[in-house]
Amino acid sequence: MYDQPRYDTFEPSVFFPDGLSARPLVPGTVARGWSRTDEHFYYGQEDGQLATTFPFPVDEAVLERGRDQFTVFCSPCHGGIGDGQGMIVQRGMPKPPSLHEQRLREIPVAHFFDVITRGYGAMYSYAHRIKPQDRWAVVAYIKALQLSQNAPIDSLDEADRQRVEQSQEAAQ
């Protein structure tokens, strides 16, 4: 029982002509579930450039999932509304950029996907913590946060504009 008829990792073998016990993969083999052929979805690129669109329709369920993931992974640093005032800043760590800066509001949506995937500056990669579908959901939520904090009042319909103006007057 102690000496089983098997090979340990990298143990030499006299059975195969090359002397190796581990067999090489057949050329072109891709592990099940790891084929990354959709460049837009998995890499955030279209024709080698950062994508400016989402790879799937964004609906309420996607935004909800994005909010959940943002709360777990992003808000400790970026804050609940993305202003860079998360708990780590209150504990003395460097402040991350506000997601509401003009340059970040104008950048292609895939920039955020790329930063989540590969990290940037002091932010490390979340590629192994957040699945691609959820990364895109976080990006959708970030865009919703940006719009919520920076929407021009003239983009609202008349009824909503009056409601906002009334609430601003009441606050003064």
Side-chain angles (χ1 to χ4, degrees), residues 9-10 22-153 155-157 160 164 167:
T9 307
F10 303 117
R23 307 313 314 140
L25 296 175
V26 175
T29 300
V30 177
R32 181 176 286 184
W34 288 92
S35 176
R36 303 289 190 235
T37 57
D38 188 346
E39 183 181 73
H40 191 180
F41 181 77
Y42 289 106
Y43 304 106
Q45 296 188 355
E46 294 176 307
D47 300 324
Q49 300 294 320
L50 287 175
T52 57
T53 60
F54 288 88
F56 51 82
V58 175
D59 58 13
E60 190 174 342
V62 170
L63 289 174
E64 286 293 323
R65 180 66 180 172
R67 184 189 65 183
D68 293 344
Q69 296 295 299
F70 183 89
T71 301
V72 170
F73 293 105
C74 309
S75 68
C77 299
H78 290 281
I81 61 170
D83 60 355
Q85 296 296 331
M87 186 56 66
I88 63 118
V89 175
Q90 297 172 28
R91 300 286 190 255
M93 297 293 288
K95 180 181 183 243
S98 170
L99 299 173
H100 303 291
E101 292 178 4
Q102 185 67 28
R103 69 178 180 87
L104 293 178
R105 289 196 317 260
E106 296 172 351
I107 207 153
V109 292
H111 168 77
F112 297 107
F113 180 86
D114 190 58
V115 168
I116 295 168
T117 303
R118 295 200 262 170
Y120 187 84
M123 181 178 153
Y124 52 84
S125 167
Y126 282 88
H128 295 291
R129 295 169 183 86
I130 308 174
K131 297 181 292 189
Q133 179 87 17
D134 289 343
R135 281 181 247 158
W136 281 112
V138 168
V139 173
Y141 184 69
I142 288 170
K143 295 310 282 182
L145 277 177
Q146 289 175 333
L147 184 60
S148 76
Q149 300 297 309
N150 300 288
I153 195 158
S155 68
L156 301 174
D157 62 26
D160 289 336
V164 168
S167 68

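None of the values given here were measured: they were computed from a predicted structure. Side-chain atoms are counted along with the backbone in the values below, which use heavy atoms only and exclude waters and symmetry mates.
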Pairwise distance [atom1]([X]) to [atom2]([Y]) - rounded to 0.5 angstrom:
{"X": "Lys95", "Y": "Asp83", "atom1": "NZ", "atom2": "CG", "result": "7.0 Å"}
{"X": "Thr37", "Y": "Tyr43", "atom1": "OG1", "atom2": "OH", "result": "9.0 Å"}
{"X": "Ile81", "Y": "Gln146", "atom1": "CD1", "atom2": "CD", "result": "12.0 Å"}

[X] to [Y] - nearest heavy-atom pair and separation:
{"X": "Thr52", "Y": "Glu46", "result": "N-OE1, 4.0 Å"}
{"X": "Ala140", "Y": "Val62", "result": "CB-CG1, 4.2 Å"}
{"X": "Cys77", "Y": "Pro96", "result": "O-CG, 3.2 Å"}
{"X": "Ala110", "Y": "Gly44", "result": "CB-O, 3.0 Å"}
{"X": "Ala51", "Y": "Pro108", "result": "O-CB, 3.4 Å"}
{"X": "Leu104", "Y": "Ile107", "result": "O-CG2, 3.4 Å"}

Any side-chain heavy-atom pair of [X] and [Y] under 4.5 Å:
{"X": "Val109", "Y": "Trp136", "value": "yes"}
{"X": "His78", "Y": "Ile142", "value": "no"}
{"X": "His100", "Y": "Leu145", "value": "yes"}
{"X": "Leu99", "Y": "Gln149", "value": "no"}
{"X": "Arg103", "Y": "Pro97", "value": "yes"}
{"X": "Gln133", "Y": "Phe41", "value": "yes"}
{"X": "Val139", "Y": "Arg135", "value": "no"}

Is it true that, when you exclude [X] itself, more than 12 heavy atoms of the residues, nucleotides or ligands shown sit nearer than 6.0 Å to its [atom1]?
{"X": "Arg118", "atom1": "CZ", "answer": "no"}
{"X": "Gln90", "atom1": "CD", "answer": "yes"}
{"X": "Asp47", "atom1": "CG", "answer": "no"}
{"X": "Glu106", "atom1": "CD", "answer": "yes"}

With Phe112, which residues qualify under ring-ring contact (aromatic ring centres under 6.0 Å, His included), at least two apart? none

Is the Phe73 ring parallel, tilted or perpendicular to the Tyr126 ring (thresholds 30°, 60°)? perpendicular

